[in-house]
Amino acid sequence: MTTPQVMRIMALSINTAARAGSIIRDVMQRGNLGIVEKEGKDDLQTEADRSAQQCIIASLSRKFPNLKIIGEEGDSNLDVKPEWLVTDENEEFLKNCCPEEWREIKEEEFVVWVDPLDGTSEYTQGLLEHVTVLIGVAIKNRAVGGVIYQPYYKQSNGEIGRAIWGLKGLGTGGFKPTSPPKGQMIITTTRSHLTPLVQQALDALSPTEVIKVGGAGYKVLQLLEGRAHAYVFASPGCKRWDTCAPEAVLEAYGGILTDLAGVHYSYAAEVDYKNRMGVLATVPELKHSDIANQVPKDILDALRS
Ligand SMILES: Nc1ncnc2c1ncn2[C@@H]1O[C@H](COP(=O)(O)O)[C@@H](O)[C@H]1OP(=O)(O)O
Ligand SMILES: [Mg+2]
Ligand SMILES: [Mg+2]
Ligand SMILES: [Mg+2]
């Protein structure tokens, strides 16, 4: 029997994210980040963002030429150094059994959303543990599979970097699932894109504690590892590549990620990339709709306008 495409795409994404992670570490070690401002000082790009994206898109498109891939850093030159081309699919992952519902999905039915470096602002400031590589796999508008790779995570065996993955219908891997403390409401949110509206939404949810960290990937990790109950961001700043992989991993785990009104984003290729209605993610222990219902209407109206 041939291996279903979704399993092969996920398995190649895991190994490619790790390779992108080593490129990110190399750029930092060389010390010349090559920072440029995209839409302003809140929207930076570095040599690491560019090179990691080239590695990911070249590797995936070489093996899956009919795959639709959308990367944060725009069109990339795919004529990359041979050592950036990843061809091996992750064998550990391939030992898993493909969920029935994804078995027949063809290469051209997927959309892969790539954020080669999530947490660029933190990367440039040396807050390296906040940095992740995000590869999200969408099928029929929905985020279904995802890889969150942390290039600076120190494993207990001394190895550097770890890959966290999730596939709906199969589950998750690469981390130790942990429930957040009972009787509290710990919210994780932005540290580099705080606005009055972001603060207003936090206040409305009466958190017992607020954890400000960088990146959408790292914030969802706070939920997976029991350090926070919810991720709340009342801002249109995130785009589909920021949330596709985190949403898929969190939902494969039993949590939910939507906009602030409680509605899922579409990950179809032709959508407007902006997550205009913000981000709300919750752990499986919370009822997501209860939290969404606590978001004041004027905050939603402000995001809509
Ligand atoms: N105003 C913004 N402009 C550009 N990117 C943003 C903005 N707000 C959020 N993002 C993206 O969403 C991620 C999560 O946001 P935050 O850390 O503020 O919670 C950021 O790391 C950044 O992704 P990236 O670093 O890949 O550009
Ligand atoms: Mg960016
Ligand atoms: Mg990002
Ligand atoms: Mg990025």
Side-chain angles (χ1 to χ4, degrees), residues 9-38 41 43-64 69-93 112-136 146-165 174-175 191-192 213-219 221 241-242 244-246:
I9 293 167
M10 285 288 296
L12 187 65
S13 295
I14 291 170
N15 285 1
T16 306
R19 185 70 189 88
S22 70
I23 292 171
I24 290 169
R25 290 191 297 263
D26 288 347
V27 171
M28 181 54 75
Q29 203 163 16
R30 284 201 303 272
N32 183 5
L33 298 190
I35 300 174
V36 296
E37 288 184 9
K38 294 196 288 182
K41 63 172 178 33
D43 194 10
L44 306 177
Q45 184 197 63
T46 72
E47 185 57 35
D49 299 67
R50 294 185 286 275
S51 300
Q53 170 154 315
Q54 271 185 286
C55 156
I56 296 167
I57 299 193
S59 300
L60 290 178
S61 58
R62 194 70 64 103
K63 270 222 159 161
F64 303 101
I69 308 171
I70 304 174
E72 175 181 356
E73 311 308 341
D75 291 334
S76 297
N77 174 7
L78 300 185
D79 197 14
V80 304
K81 311 177 196 186
E83 63 266 31
W84 284 6
L85 275 181
V86 178
T87 55
D88 288 340
E89 294 164 13
N90 188 277
E91 294 193 4
E92 270 308 302
F93 180 80
V112 177
W113 294 90
V114 176
D115 186 343
L117 197 168
D118 184 49
T120 299
S121 178
E122 284 70 24
Y123 180 72
T124 63
Q125 294 168 25
L127 291 166
L128 300 177
E129 68 275 28
H130 300 217
V131 169
T132 59
V133 177
L134 303 176
I135 305 179
V147 178
I148 302 176
Y149 186 83
Q150 278 187 293
Y152 290 97
Y153 183 84
K154 289 181 196 72
Q155 302 206 42
S156 49
N157 64 5
E159 226 178 275
I160 190 100
R162 69 166 170 173
I164 285 127
W165 59 261
F175 68 101
R191 65 166 284 285
S192 61
V213 295
Y218 194 56
K219 277 189 269 294
L221 275 172
W241 42 75
D242 293 303
C244 186

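Residue numbers run from 1 in the order of the sequence given.
Listed by chain and residue number, R50, E73 satisfy the side chain to side chain donor-acceptor pair (under 3.5 Å) test with Q45 (two or more places apart in sequence, or in another chain). N90 pairs by the side chain to side chain contact (heavy atoms under 4.5 Å, CB included) definition with A11, I14, N15, E92, F93, not counting sequence neighbours. Every side chain to side chain donor-acceptor pair (under 3.5 Å) that R162 has, sequence neighbours left out, goes to Q150, E225. With sequence neighbours left out, the side chain to side chain contact (heavy atoms under 4.5 Å, CB included) criterion links R62 to L85. Legend: residues meeting side chain to side chain contact (heavy atoms under 4.5 Å, CB included) with D75, ordered by chain and number and at least two apart, are absent. The salt bridge (charged side-chain N to carboxylate O under 4.0 Å, His left out) check on R191 picks up E122, with sequence neighbours excluded.
The distance from atom OG of S51 to atom CH2 of W84, rounded to the nearest 0.5 Å, is 3.5 Å. In this structure, OG1 on T16 lies 5.0 Å from CG on L60, to the nearest 0.5 angstrom.
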task = Would you please test L128 and Y123 for side-chain contact (heavy atoms from CB on, under 4.5 Å) and show each step?
result = CA-CA 5 Å; L128 300 177; Y123 180 72; 3.8 Å; yes

key: Trace of the side-chain contact (heavy atoms from CB on, under 4.5 Å) decision for R30 with N32   = CA-CA 6 Å; R30 284 201 303 272; N32 183 5; 5.6 Å; no

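Closest approach of G119 and V131 over heavy atoms only: O-CG2, 3.9 Å. Taking both residues in full, the closest heavy atoms of L12 and K63 are given as CD2-CB, 3.8 Å, listed atom of the first, atom of the second, then distance.
More than 12 heavy-atom neighbours from other residues, nucleotides or ligands sit within 6.0 angstrom of CD on E83. Within a 6.0 Å radius of NZ in K38, more than 12 heavy atoms belonging to other residues, nucleotides or ligands are found.
Panel note: side chain D118, backbone A216; a donor-acceptor pair is recorded below 3.5 Å.
Side-chain atoms of W241 and L134, non-hydrogen and from C-beta on, never get closer than 4.5 Å to each other.
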